[in-house]
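Hydrogens, waters and symmetry mates play no part in the numbers below; they use all other heavy atoms, side chains included. Chain letters run A, B, ... following the sequence lines, proteins first and then strands; every chain starts at 1.
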Amino acid sequence: MKIGYACKTVGVSNTDMKSCTLKNASSERITEITKHNLHVLNNIIDYNINNNINLFRISSDLIPFGSSEINDVKWWEIFSKELSLIGDKIKSSNMRVSVHPGQYTVLNSNNNDVVRRAIDDLTYHTRILDSLGLNSQHKMILHIGGAYNNKKLAIERFIENYKKLEDNIKYRLVIENDDKIYNIEEVLDIGIKLDIPVIFDNLHHEINNVNNICSEKYWIEQCKSTWKKEDGNQKIHYSQQAENKRIGSHSDTIGIKDFMVFFNMLDRDDIDIMLEVKDKNLSCVKCINCTDFNIKIIALEKEWSKYKYNVLERSHSDYIKIRNLLKNKEDFNAVSFYTLLEKGLKSQGDIGSLVNGALHVWGYFKNKTSEKEKHNFFKYLENFQQQKSNINPVKNYLNKLAQKYNEDYLLKSYYFIM
DNA sequence: TGACGTCAAGATCCG
DNA sequence: CGGATCTTGACGTCA
């Protein structure tokens, strides 16, 4: 089983992709950004390897305007060396990657121009995986498209247009149920008819389902048979509804208790789970740790070192509870740890606890800083205490100091990003 | 015509 | 002038 995350990282340095607007998209600018983004992709792959993450979705933003006619840069030739080095890393680490054209890539449109652009976009995404030298287990996920007041015709159009696609596109293409139009039963019908693997998305299914008679497990098992040996293990998407947000919005983090219920329901090892969640790799590491039967306490201690000041500034009592939980090195439980962590991070920190957190972090510097820096810090802190500002200027200043004095422990923590 | 989703770029505001 | 905060962009469908 692999558990992965989509497109970008949270709290990892040098992993931000660049982009540009259409009016600035010269060949030079596109080449420059592509070079940067490939460097970033390489860093993300390194991060994944170092954190035992072996499922990842590559961002469609890798190449600016990758499927547009205005991009005339032959990036797959110019950067062939960089691409194959990244591809080699992916292969040698047994990582599985994917790409996912979004809701605006519509293969079944009744507008020929939209279909033409959709095919260009599929060609672009396929080229990413091809240029990395990856096999057919590395997939491209697509939704079926619109309904146009006649679903039957719209499905027929999808089928006809699919048949016209180049073989190297078909080689990777898989289809997924969406949250509004095509439910899992309809997507499965298409998948079976065309011999395309089907991705089950639990949240889309919750919102847009056939009926409540068949269980999630039933549909996941139905999808399983669409995955052939050369496609690799069945892949599914998992996400949770964000509280107090529009139906279908992804949660900020994966609630570990609900995830474990889902995981235990699957009761299988030959399945890969792509998480769709705002905190990306953070939830991914959480889920990996909680499903690892051989987890060592050092893995949780490492996690705690990154989150501790975020908890401290929100809730001192949760901070103490988690610290106590980790003191018992023989009998620890990853789910209990993350459940407490979620509770702590959900707490609303008051002025006192936020100040307490900032002072703890200040402790890293107090013997190194100049008088001026000390003065600046306490000025920011005083402004916050007197409600003249929020906590951000205080934390931003601490971040600056952390960078200046190269405090690796703080820079690797999530204190400055949450 | 706006909502939908995404998030960096670009624009503007603030001290 | 630098940093913080708000708006735009780029895509297609549907109400």
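Across all strands, N396(A) comes closer than 4.0 Å only to sugar-phosphate atoms, never to a base (heavy-atom distances). Within 4.0 Å of A118(A), counting heavy atoms only, lies no atom of the nucleic acid at all.
Across K170(A) and L165(A), no two heavy atoms sit closer than the pair CE-O, 3.2 Å.
Here the side chains of Y5(A) and L282(A) are not in contact, with every heavy-atom distance at 4.5 Å or above. Contact of the F259(A) side chain with the I3(A) side chain is registered, since non-hydrogen atoms from C-beta on lie closer than 4.5 Å.
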Report summary line: Going 5' to 3' through nucleotides 9-15 of chain B and flagging B where a protein heavy-atom sits under 4.0 Å of the base, S where only the sugar-phosphate is that close, and - otherwise, we get SS-----
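Ring-plane geometry between Y238(A) and F262(A) is classed as tilted, the angle between the planes lying from 30 to 60 degrees on a 0 to 90 degree scale.
When the side-chain contact (heavy atoms from CB on, under 4.5 Å) test is applied to K91(A), the partners found at least two apart in sequence or on another chain are D88(A), L134(A). Remark: E186(A) engages K151(A), Y182(A), N183(A) in a side-chain contact (heavy atoms from CB on, under 4.5 Å) (not counting sequence neighbours). Applying the side-chain contact (heavy atoms from CB on, under 4.5 Å) criterion to S305(A), with sequence neighbours excluded, gives Y409(A).
Atom P of nucleotide dC7(B) and atom NZ of K278(A) are separated by 8 Å, given to the nearest angstrom. Straight-line distance from the OH atom of Y5(A) to the P atom of dT6(B): 17 Å, rounded to whole Å. Rounded to whole Å, the distance from CD1 on I58(A) to C1' on dT6(B) is 18 Å.
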Name every donor-acceptor pair, under 3.5 Å, that has one atom in a side chain of residues 54-64 of chain A and the other anywhere in the protein, sequence neighbours excluded.
from   : atom 1 : to      : atom 2 : distance (Å)
R57(A) : NH2    : E276(A) : OE2    : 2.8
S59(A) : OG     : D61(A)  : N      : 2.9
S60(A) : OG     : H125(A) : NE2    : 2.7

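Nucleotides of DNA chain C lying under 4.0 Å from heavy atoms of chain A occupy a range whose first and last members, 5' to 3', are dA4(C) to dC14(C).
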